[in-house]
Amino acid sequence: MVEKHEKHYEDTELYRLRHSTAHVLAQAVMEMFPDETQIAIGPPIKDGFYYDFDLPRSLTPEDLRKLEKRMRQIIAGHHEFVRTFTTVKEAQKQFSDQKYKLEIIQDLFLRYENATTEQPEISFYTHDTFTDLCRGPHLEHTGQINPSGLKLLSVAGAYWRGDESNTMLQRIYGTAWSSADDLKGYLWKLEEAKKRDHRKLGAQLQLFHFSADVGSGLPMFTPKGETVRHLMESYVRDLQTRYGYKHVWTGHLVKEDLYKKSGHYQNYRAAMFPPMIDENITFRLKPMNCPSHMTLFKEMGRHSYRELPLRFAEFATLYRYEKSGELTGLTRVRSLTQDDAHIFCAPTQIESEFGLALQLIQDVLRRYHFSNYRVRLSLRGDGDKYLQDDEKWQRAESALRSALDASGITYYSETGEAAFYGPKADFMAQDVLGREWQLSTIQVDFIQPARLGLTYIGEDGQEHTPVVLHRAVTGSTERFLGVLIEHYDGAFPVWLAPVQAVIIPITDRHLDYCQKLHNNLQAHGLRTEIDTSNDRMNAKIRKAQSQRIPFMLIAGDREQQSNHISVRLRSGEELKSQTLEQFLALTQEAMASGK
RNA sequence: GCCCUCGUAGCUCAGGUGGCAGAGCACACCCUUGGUAAGGGUGAGGUCAUGGGUUCAAAUCCCAUCGAGGGCUCCA
């Protein structure tokens, strides 16, 4: 299928509403700090808007309340948004005391001067006492903003133009909707996301911990957490084996020189842990696998075209030096386990290999209940972060495009999102709350194999450079687990649940019977526990429910006498009395279906 | 890394204008032996993140460090 373009947010009513609300906020802020407010930019964003200010002091939550109140007054004034066109000179005069606006005007001027002979089109939007340099579009008047559909959410620091060498501004985030109900719905979603936060659930379900003693961004997994990790990894490992992948292992340390050859050192150094120096050899903790896999390919001797495609996969723990302020739970860590693969193939095999990788990814996403996802073709943008070799970039891009087209999948493209060595197809999956995560990726690389001197002998008896497809399915085990916890709200499907069934004796005299059940179920490969606490049954059920355990097996006199178990599902449904065989069949079915 | 907010028992959080450290849950023990989401009692548990400063006196005020959270172009 061909490339798809989506309707632009810029053309929607909500976009105008939020843009206009941002202007109203700016007015309120300027009134709060007359003559001391420097305004920067204030665009609409997904679900809301922000506006950046340079202010004499830090804003407090109390300030936000006051600003919101003042905004409602301004809205009630039904002030018209009036657009006026002007020249660079006039704009500079109007904003003579606004240094950020002057910078923007200067940029607009330069951009046009370089591009065309036309005059830059500069416009103002004015409402009430406030005028902003702005291209719009806006609502007709402030009265069109629903005062009960807006809320200021937070203050955060933000560098002018996102550049850390610039001034730190104060950014006010807000949200605006056309109705109070929409606002309520949005706030509910935020609440729900908070409840499902994997950091919170991870502690509640006892899956993982961080410790200041070990270091930030370095998660440790409990027995339960490691059970889930192991299940996730062996699932993909088995699937990969069936898809013809070979698993390899390449360790944790690599000589820095290798990364100079591959190009990672130049492009990636800031994200590597500092070097370890042993006399005259400098090592780095491995931040990615590609150079190691490619080196392994080389060391394995001469390769014939008959061996290709050769698919190397590894669950490798990598170390990346993320900035301290960027660490977040399991989604942004310093040690991560990538389910990485590199497929060495001939250029003619790209399409079929891409198709195979795509199929594998679709299997995996389905298994994890991600039914909505879209594919982004990530292309090179401007800038020096990409390895320079136009010919190879072009070949890679057209190979990827035709592979995508041949696969029949719908995709959209975005420039500036490529890896530094080649274009990517990224899989953006939506979770149950509609949030989008970049999970899987397939990348086409003509550059690194050449830089590292990989070859194979072709049919013609000559040396050729193989193409390498980089491929990750779940990305990193840690991050994917974090996403899964939120996607499932902690209720893992039966095949993935660290504890699949908890056996609940009604009284202590049923413990022996429970032990027998436990042994039997374990012998059938089920992960079960007995709740031997002296809580009463109700409390044990409550505990199991809050742990999201799929099956609760209640055993009392009746069950013991009839050699049955009473089964309760975490949905609250009671299946009552079952034989062990019936229950085992039930679990088999649940695991096979992935539910 | 930078800005803002925060750090009190294993967890969730009170307290705090400077004057004896608090609750619920979890944990241990005892009673209770129960039929599908919390039975009752008793007890143990804290260098109030760490280090320094101000003070007669610091969990409380100040500084630093460590850690956590919200952010750091979705470009007028």
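Source: prediction; values computed, not measured. Below, chains carry the letters A, B, ... as their sequence lines are ordered, and counting in each starts from 1.
Atom CZ in A/Arg542 sits about 18 Å away from atom P in B/G35, given to the nearest Å. Between A/Arg171 atom CZ and B/G70 atom C1' the separation is 12 Å, expressed in whole Å. Between the CD atom of A/Gln438 and the C1' atom of B/C74 there is a distance of 16 Å, rounded to whole Å. Between the NZ atom of A/Lys200 and the C1' atom of B/C11 there is a distance of 11 Å, rounded to whole Å. Atoms NZ (A/Lys323) and P (B/G70) sit 17 Å apart, rounded to a whole Å. In this entry the distance linking CG of A/Leu153 with C1' of B/G70 reads 11 Å, nearest Å. As a whole-Å value, the separation of A/Arg568 CZ from B/G35 C1' is 12 Å.
Take A/Glu80 and apply the salt bridge (charged side-chain N to carboxylate O under 4.0 Å, His left out) test, not counting sequence neighbours, and it matches no residue. When the salt bridge (charged side-chain N to carboxylate O under 4.0 Å, His left out) test is applied to A/Glu192, the partners found at least two apart in sequence or on another chain are A/Lys195, A/Arg196. Under the salt bridge (charged side-chain N to carboxylate O under 4.0 Å, His left out) criterion, A/Glu140 pairs with no residue at all, not counting sequence neighbours. Under the salt bridge (charged side-chain N to carboxylate O under 4.0 Å, His left out) criterion, A/Asp508 pairs with no residue, sequence neighbours left out.
Close to B/G69, at under 4.0 Å from its OP1 or OP2, lies a side-chain N or O of A/Arg199. A/Ser216 has a side-chain polar atom (N or O) that falls below the 4.0 Å cut-off from OP1 or OP2 of B/G67.
For RNA chain B, the neighbouring residues in residues 497-510 of chain A, judged by any heavy atom under 4.0 Å, are A/Ile506, A/Thr507, A/Asp508, A/Arg509. Within residues 26-47 of chain A, the residues having any heavy atom closer than 4.0 Å to RNA chain B are, in order of number, A/Ile41, A/Pro44, A/Ile45, A/Lys46.
Residue A/Lys543 qualifies as enclosed at atom NZ: its count of foreign heavy atoms under 6.0 Å is above 12.
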Atom pairs, N/O to N/O, protein against nucleotides 3-8 of chain B, distance under 3.5 Å?
{"residue": "B/C3", "atom": "O2", "partner": "A/Gly157", "partner atom": "N", "Å": "3.2"}

Output one line per pair: protein atom, nucleotide atom from nucleotides 25-31 of chain B, and distance, for all N/O pairs under 3.5 Å.
{"residue": "B/C31", "atom": "N4", "partner": "A/Asn534", "partner atom": "ND2", "Å": "3.1"}

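Among the heavy atoms of the strands lying under 4.0 Å from A/Gly329 are primed sugar atoms or P, OP1, OP2 only; no base atom is included. Within the 4.0 angstrom heavy-atom criterion, base atoms lie near A/Asp557. Across all strands shown, A/Tyr173 has heavy atoms under 4.0 Å from sugar-phosphate atoms exclusively, and none from any base. Using a 4.0 Å heavy-atom cutoff across all strands shown, A/Glu559 reaches at least one base atom of the nucleic acid.
Of the candidate nucleotides B/G35, B/A68, B/A37, B/A37 has the atom nearest to the side chain of A/Gln545. Here B/G67 is the nucleotide among B/G39, B/G35, B/G67 with the atom lying nearest to any side-chain atom of A/Ala212.
For A/Tyr51 and A/Phe49, the ring centers sit 6.0 Å or farther from each other. Between A/Phe33 and A/Phe53, the ring center distance fails the sub-6.0 Å criterion.
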note = Expected string for nucleotides 41-48 of chain B under the B/S/- scheme (protein heavy atoms, under 4.0 Å, primed atoms plus P, OP1, OP2 as sugar-phosphate) is --------
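Sorted by first then second residue, the salt bridge (charged side-chain N to carboxylate O under 4.0 Å, His left out) pairs that include residues 12-32 of chain A, not counting sequence neighbours, are A/Glu13-A/Arg16, A/Glu31-A/Arg70.
To the nearest 0.5 Å, atom SG of residue A/Cys134 and atom CD1 of residue A/Ile41 are 11.0 Å apart. Note that CZ of A/Phe273 and CD of A/Glu322 are 9.0 Å apart. Values are rounded to the nearest 0.5 Å.
With a 3.5 Å limit on both pairing distances and Watson-Crick or G-U wobble geometry required, the stems of 3 or more pairs in RNA chain B span B:1-7 with B:66-72, B:10-13 with B:22-25, B:27-31 with B:39-43, B:49-53 with B:61-65.
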Which side-chain N or O atoms in residues 218-228 of chain A pair as donor and acceptor under 3.5 Å with protein atoms at least two apart or in another chain?
{"residue": "A/Thr222", "atom": "OG1", "partner": "A/Gln206", "partner atom": "O", "Å": "2.7"}
{"residue": "A/Thr222", "atom": "OG1", "partner": "A/Leu207", "partner atom": "O", "Å": "2.9"}
{"residue": "A/Thr222", "atom": "OG1", "partner": "A/Lys224", "partner atom": "N", "Å": "3.4"}
{"residue": "A/Thr222", "atom": "OG1", "partner": "A/Gly225", "partner atom": "N", "Å": "3.1"}
{"residue": "A/Glu226", "atom": "OE1", "partner": "A/Arg229", "partner atom": "NE", "Å": "3.3"}
{"residue": "A/Thr227", "atom": "OG1", "partner": "A/Pro223", "partner atom": "O", "Å": "2.7"}

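If you find the closest nucleotide of RNA chain B to A/Arg536 and to A/Cys134, the one lying nearer the 5' end belongs to A/Arg536. In terms of position on RNA chain B, the residue among A/Glu574 and A/Gly162 whose nearest nucleotide sits closer to the 5' end is A/Glu574.
Annotation: side chain of A/Thr142 is in contact with side chain of A/Phe81 (closest heavy-atom distance under 4.5 Å).
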